[in-house]
2 protein chains.
Amino acid sequence: MSTPSIDEVAAAAGVHRSTVSRAFSRPEAVKRETLEHVRQVAAAMGYRMSPLAQALRTKVSTLVPLVVPDITNPYFAELAKAMTAAAGERGYQLVLCVTENDADATARYLDAMQAMYAPFAVIAPYARVFPAEFESRGFGKRLVVIDRVESGDQASTVTVDSAAGIALALDHLFELGHTSIAYVSGIAGTHTAADRRQAYRTLAEKHGMTPIELDSNGIGVGAGERAAEELVSLRERPTAVIAGNDLVAFGLISALGSRGMSVPGDVSVVGFDGLAFGARSNPPLTSVQQPIAEMGRIAIRLAEQVANGGSVEHVVLQPQLLVRSSTRPVR
Amino acid sequence: MSTPSIDEVAAAAGVHRSTVSRAFSRPEAVKRETLEHVRQVAAAMGYRMSPLAQALRTKVSTLVPLVVPDITNPYFAELAKAMTAAAGERGYQLVLCVTENDADATARYLDAMQAMYAPFAVIAPYARVFPAEFESRGFGKRLVVIDRVESGDQASTVTVDSAAGIALALDHLFELGHTSIAYVSGIAGTHTAADRRQAYRTLAEKHGMTPIELDSNGIGVGAGERAAEELVSLRERPTAVIAGNDLVAFGLISALGSRGMSVPGDVSVVGFDGLAFGARSNPPLTSVQQPIAEMGRIAIRLAEQVANGGSVEHVVLQPQLLVRSSTRPVR
DNA sequence: CTGAAAGCGCTTACAG
DNA sequence: CTGAAAGCGCTTACAG
């Protein structure tokens with residue numbers, strides 16, 4: 001009951017195998033009548049081309065690796081969802097590659113996927129990535145990174161404007177009357193994380209505020225926990241805090257709650273990511289929203305572009321402020 | 001710089017292609033010396049077999065589909081993480097198939113993966129699954145479902161003991177002095193969801209309690225929201241509620257918070273899943289924990305078992321209670 | 001516009 | 001224990 005092979009279809013249609021092949025891959029190269037006839041016969045037989053055989057022959061498959069540090073992190077989960085959709089629309093199947101912070105895992109995955117003739121790869125890193133390290137993995141420039149990279153000519157990237165995002169958060173808080181606003185970065189070692197933090201510093205000073213960084217040397221998980229600890233012990237407590245990403249914000253709010261402080265009652269908190277889950281957290285999280293679905297689509301487009309010989313490109317998207325319930329006017 | 005082919009290795013080692021092949025796939029069939037020599041030469045050349053060519057020839061690939069309704073749901077994310085690890089250990093690569101509640105998507109994915117000679121498939125459904133529907137998809141019994149199924153001989157399954165889990169939650173609450181305990185099922189249409197709900201009813205009555213089901217006809221997302229609404233309007237409010245899964249529990253707590261009710265101050269809440277994220281929610285969630293990592297490993301084992309001609313099996317695991325901070329003694 | 005042939009990188013009976 | 005041959009299901013110059 002398995003799908004017939006191209007030769008069986010050819011026989012049934014009374015044509016040569018190569019004609020069947022053309023009927024699907026280069027329809028303009030076959031006579032109209034023949035085309036229709038072949039397609040009809042093929043459809044009737046339930047024919048589907050073997051993607052494996054095709055990939056072996058052309059050295060290009062439809063398997064695209066998405067490498068993420070941790071699918072359990074809702075940011076990466078949303079990204080995976082967006083990428084799956086974007087990839088599916090273009091006929092690719094996403095292969096999930098979870099690195100679990102294993103430094104060599106990315107290279108191993110890239111090797112494995114290269115062996116499967118993946119047309120390109122998309123990487124959402126947990127640390128700064130140096131595309132040069134992956135050149136030898138065979139993908140060359142056929143790599144898109146969901147972060148900034150140092151040497152821009154080696155891989156395409158798609159990111160959100162960090163400074164604009166932080167400005168959005170800050171302005172929102174200023175409007176609510178906050179003047180003492182702290183920042184928790186969380187553990188991410190990406191350029192993006194560094195950019196957000198730097199933007200906070202720069203903009204805070206520009207507004208005449210002394211930057212207060214919570215858990216500034218944080219290592220590993222539990223950033224929210226440590227930041228809460230630190231916040232509570234401060235003689236002059238900030239009235240609001242911006243978190244470098246939503247997950248840190250959730251952890252912070254949880255840890256604050258355990259210490260008897262309520263959000264937004266005692267402190268306002270704004271996250272960064274704008275995850276859907278934030279709508280059902282306690283309290284619903286005000287956050288700088290990244291257009292994740294769009295990022296997924298763009299990542300695929302950029303990847304296809306260089307796979308087709310086009311050039312590396314860097315897309316920077318604008319974030320939006322998502323006001324929910326974790327912020328309120330300062331008393 | 002791409003990997004050499006088997007013929008290049010054979011030439012370099014001075015043997016025939018078939019010997020190289022055997023050196024890797026059936027080492028016991030080749031003379032010791034030859035074996036070592038071939039492997040050495042292959043290693044020196046950085047040879048790796050083409051999984052595609054291998055799959056095309058043997059009609060068995062290492063690509064295994066994991067079909068989930070929504071990777072953004074942390075339960076499925078944790079499952080995906082566990083499955084990725086378990087699959088990786090056994091040399092498979094997981095292909096993420098997200099159905100987004102599209103009723104035909106599962107069949108489409110199965111077709112596509114069948115065409116890639118996937119050795120088996122694992123399905124985490126969002127509704128009751130009837131394996132018979134998928135028989136024609138070519139996987140036959142080479143299917144493992146993360147849920148109960150109706151006709152047990154058609155696919156292997158791995159689940160957690162629903163009744164035991166609900167009993168754990170109930171007993172915990174009884175020990176804290178609660179006597180009025182409600183239940184919110186959430187939207188999942190799986191057998192598991194139905195089992196948990198039924199277990200609640202049965203056990204509640206057994207303990208002389210009148211079951212109180214919140215949002216009992218709930219449709220779509222927002223179960224937590226509707227349940228909170230209902231709870232607040234009740235003349236005699238239960239002092240605790242058990243949620244059919246963690247996500248519903250989070251939503252419930254959020255919605256309760258928006259209505260000025262605090263957990264566990266005003267109501268205790270226990271979830272079901274025991275997600276890692278629950279440790280950082282506000283408040284940290286007491287929950288019945290499913291051994292998700294183990295489920296992943298078992299799913300792969302069961303799948304391999306039937307792929308190797310073994311028999312369908314149904315594994316039921318025991319859950320554990322994870323006490324965090326969303327429950328407290330009734331006043 | 002269509003067919004015949006070679007080949008992608010493997011595996012596996014079949015001989016020897 | 002090893003080699004030679006056929007073949008998995010396709011694509012793509014090359015002729016005609």
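Residue numbers begin at 1 in each chain, while the letters A, B, ... track the order of the sequences.
Between A:Lys59 and the phosphate of D:dT11, there is no side-chain N or O to OP1/OP2 separation shorter than 4.0 Å. Proximity of B:Gln54 to the phosphate of C:dT11: a side-chain N or O atom is located under 4.0 Å from OP1 or OP2.
Residue B:Met116 contributes atom CE, which lies 13 Å from atom P of D:dC10 at whole-angstrom precision. Rounding to whole angstrom units, CG of residue A:Leu56 and C1' of C:dT11 are separated by 13 Å. Counting to the nearest Å, the P atom of C:dG9 and the OH atom of B:Tyr47 are 10 Å from each other.
Atom CG in B:Asn73 sits 10.0 Å away from atom CD in B:Glu78 (nearest 0.5 Å). A distance of 11.0 Å separates OG in B:Ser311 from CG in B:Asp153, rounded to the nearest 0.5 Å. To the nearest 0.5 Å, the span separating CZ on A:Arg301 from CD on A:Glu294 amounts to 9.5 Å. For the atom pair OH (A:Tyr126) and OG1 (A:Thr190), the distance works out to 11.5 Å, reported to the nearest 0.5 Å. Taken to the nearest 0.5 Å, the CG atom of B:Leu56 stands 6.0 Å off from the CG atom of A:Leu56. The CD1 atom of A:Ile123 lies 9.5 Å from the CD1 atom of A:Ile146; values are rounded to the nearest 0.5 Å.
Taking the six-membered ring where the residue is Trp, A:Tyr47 and A:Phe24 present tilted rings, their angle falling between 30° and 60°.
When the nucleotides C:dG3, C:dC10, D:dC10 are ranked by their closest atom to the side chain of B:Ser5, C:dC10 comes out on top. For B:Ile6, the side-chain atoms get nearest to C:dT11 when compared with the rest of D:dG9, C:dT11, C:dG3.
When A:Leu247, A:Val68, A:Leu66, A:Val67 are each tested for a side-chain contact (heavy atoms from CB on, under 4.5 Å) with A:Phe76, only one passes: A:Val68.
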Canonical and wobble pairing (Watson-Crick, G-U, under 3.5 Å) of DNA chain C, dot-bracket with |: |||.||||||||.|||

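Within 4.0 Å of A:Phe24, counting heavy atoms only, lies no atom of the nucleic acid at all. At a threshold of 4.0 angstrom between heavy atoms, the contacts of A:Tyr117 are confined to the sugar-phosphate backbone, with no base atom among them.
With DNA chain C read from its 5' end, the first of the two nearest nucleotides for B:Asp7 and A:Thr19 is the one closest to A:Thr19. Residue order along DNA chain D, read from the 5' end via each residue's closest nucleotide, puts B:Gly14 first among B:Gly14 and A:Pro4.
Few gaps surround CD on B:Gln318; more than 12 heavy atoms of other groups in view lie less than 6.0 Å from it.
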Verdict with supporting geometry, A:Leu110 and A:Gln114, side-chain contact (heavy atoms from CB on, under 4.5 Å): CA-CA 6 Å; A:Leu110 256 24; A:Gln114 177 65 26; over 6 Å; no

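The closest side-chain heavy-atom distance from A:Thr157 to A:Arg148 is not below 4.5 Å.
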Report each atom pair, protein N/O against N/O of nucleotides 12-15 of chain C, whose distance is under 3.5 angstrom.
residue, atom, partner, partner atom, Å
C:dA13, N6, B:Arg22, NH2, 3.1

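Of the residues in residues 28-38 of chain B, B:Ala29, B:Val30, B:Lys31, B:Thr34 come within less than 4.0 Å of DNA chain D through at least one heavy atom, sorted by number.
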